[in-house]
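Here's the structure, in structure tokens; my notes come after.
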Protein chains: 2
Amino acid sequence: MSTKEVTELQRRILDFIAQCVEEKGFPPSIREIGRRLRITSPSSVAYHLRVLESAGLLKRTDAISRGMSLASSPNELPILGAVAAGSGVIAAEDVEGHVTLDRDARRGADYLLRVKGDSMVGAGILEGDLVQVRRQDDARDGEIVVALVGEEGVVKRLRRKAGQAALESENPAYEPIRGPFQVAGKVVGLLRRY
Amino acid sequence: MSTKEVTELQRRILDFIAQCVEEKGFPPSIREIGRRLRITSPSSVAYHLRVLESAGLLKRTDAISRGMSLASSPNELPILGAVAAGSGVIAAEDVEGHVTLDRDARRGADYLLRVKGDSMVGAGILEGDLVQVRRQDDARDGEIVVALVGEEGVVKRLRRKAGQAALESENPAYEPIRGPFQVAGKVVGLLRRY
DNA sequence: TTCTTTAGTGGACATAAGTCCAATTGTAGT
DNA sequence: ACTACAATTGGACTTATGTCCACTAAAGAA
């Protein structure tokens, strides 16, 4: 299983399957996929499904109708223990698990980050909480963000005053961070487990 | 349709469908259901599916293979705006919506309750947060519970000292409640949307 | 009893659906 | 030009699958 590259068309097939499962509750047949994506021959669709399967994006049960399912639910979010300084990419080693939220609850988040420390208690964010993070390079004044300070990922409130950006804690014990940092994402939600 | 009673066998069919969707990613065929539940004739299974559909427990798309899906996901939690004093039963009028969580994230919760007021800010529970509540009559010292005080449902920390039970707020502005109250559930998690 | 409802059987049937195969096309590399 | 490969076609084939129909059996109700 070579985790090959996948073409645009194959990605659209994947999307269509996801859409069917979401809307109708079951996957499409090979011919339904073909009809939707203007592929006239079932063999051609089957070919793409084989590619998707060998790329690890699709699970298939051979020879039975609609015998396919997405390898990863589009609503499944990885739980990260920390944000790597390498930004963008998520290191698989840091993934503690997964949580599936429906589209509404997901709020466009890309991952969950486990909060370390008590610097945001004033905003109701406690140690151990999972914050839902949407990846983005920048954010507006007052928004709670995940930022990279050196190698470390932190959850703070972003302040923009007179062109100056700072990261404020919601805990009087901590000083604002004015040093260089990079916004990695915006906090769009929070999950806590008692 | 009459939302009829459903037999034990029909409930087991429903469970089997749920299990298939969970494990394999797609619903079973009529004959697969029959094989599992020792029903030798496909027509008989089809009969039960019709009953389940008219009971509103199953959605069906006629004449296509595996064309069925559960009407309500077993992992779907209703969002309540308030807990009714009538306890036990959930009034449909109070349901603001639904959120689907996977079994792990669900934590045995029965419903979500929207938090009113700031009496629990000290515990990181803010106004507007959704707390995951598992229904139960009692709880241990120190646990955060949903309790009925008169007609009103409140989220507080339960204190048991020397046989005396009280409801404490996590906000110095509020006094503990010692008057009569009834525990309705235990808070097992929290969701917040920014 | 008789009638009705619910539950189930078994077979026939049309078609929906996955698979196999030979052949074609276009693109990129040698 | 030749080769290799990815993408696609169309048809044939087999089986899986949902549905229809006639019939049976048990349990209640009238």
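As a basis for the values below, the full set of heavy atoms in this structure was taken, side chains included, without hydrogen atoms, waters or symmetry mates. Just so it is clear: chains get the letters A, B, ... in the order the sequence lines come, proteins before strands, and each one is counted from 1.
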> Over how many whole Å does the gap from B:Arg35 atom CZ to C:dT9 atom C1' extend?
Replying inline: 17 Å
> Please give, in whole Å, the distance from D:dC20 P to B:Leu49 CG?
Replying inline: 13 Å
> Should the heavy atoms of other residues, nucleotides or ligands under 6.0 Å from NZ of B:Lys24 be counted, would the total exceed 12?
Replying inline: yes
>> Looking at B:Ser43 and C:dG10, is any side-chain donor or acceptor paired with a base atom of the opposite kind under 3.5 Å?
In response: yes
> Over how many whole Å does the gap from B:Arg66 atom CZ to D:dT15 atom C1' extend?
Replying inline: 13 Å
>> So for atom CZ, which belongs to A:Arg160, do other residues, nucleotides or ligands contribute more than 12 heavy atoms lying within a distance under 6.0 Å?
In response: yes
> Which residue lies toward the 5' end of DNA chain C, B:Arg38 or A:Gly67, if each is placed at its nearest nucleotide?
Replying inline: B:Arg38
> Do we get B:Lys156 above B:Tyr174's six-membered ring, with its NZ or CZ under 6.0 Å from the centre and within 45° of the axis?
Replying inline: yes
> Any side-chain heavy atom of A:Glu170 sitting closer than 4.5 Å to one from A:Arg157?
Replying inline: yes
> Atom CD1 of A:Ile64 and atom C1' of C:dA16: how far apart are they, to the nearest Å?
Replying inline: 14 Å
> Does atom CZ of B:Arg107 have more than 12 heavy-atom neighbours, drawn from other residues, nucleotides or ligands, at distances under 6.0 Å?
Replying inline: yes
> Between D:dA16 and A:Ser65, is there an OP1 or OP2 to side-chain N/O distance shorter than 4.0 Å?
Replying inline: no
>> I want to verify a distance call: between D:dT9, C:dA7, D:dT8, whose nearest atom is closest to the A:Thr40 side chain?
In response: D:dT9
> A:Tyr47 OH to D:dA7 P: how many Å, rounded?
Replying inline: 4 Å
>> Of the options C:dA7, C:dT19, D:dT19, whose atoms approach the side-chain atoms of A:Ile30 most closely?
In response: C:dT19
> Looking only at N and O atoms, is any donor in the side chain of B:Ser41 or the base of C:dG10 less than 3.5 Å from an acceptor on the other one?
Replying inline: yes
> Nearest-Å distance, CG (B:Asp62) to C1' (C:dA14)?
Replying inline: 16 Å
> Taking for each residue the nucleotide of DNA chain C bearing the nearest heavy atom, is the 5' side occupied by A:Glu32 or by A:Arg50?
Replying inline: A:Glu32
> Base, sugar-phosphate alone, or nothing: which one does B:Ser44 contact when heavy atoms must sit under 4.0 Å apart?
Replying inline: base
>> Just N and O in the side chain of A:His48: are any of them under 4.0 Å from OP1 or OP2 of D:dT8?
In response: yes
> A:Ile39 CD1 to D:dT9 P: how many Å, rounded?
Replying inline: 7 Å
> Within this structure, what is the CZ-to-P distance between B:Arg31 and D:dT17, rounded to whole angstrom?
Replying inline: 8 Å
> Heavy atoms under 4.0 Å, any strand shown: does B:Ala46 hit a base, just sugar-phosphate, or nothing?
Replying inline: nothing
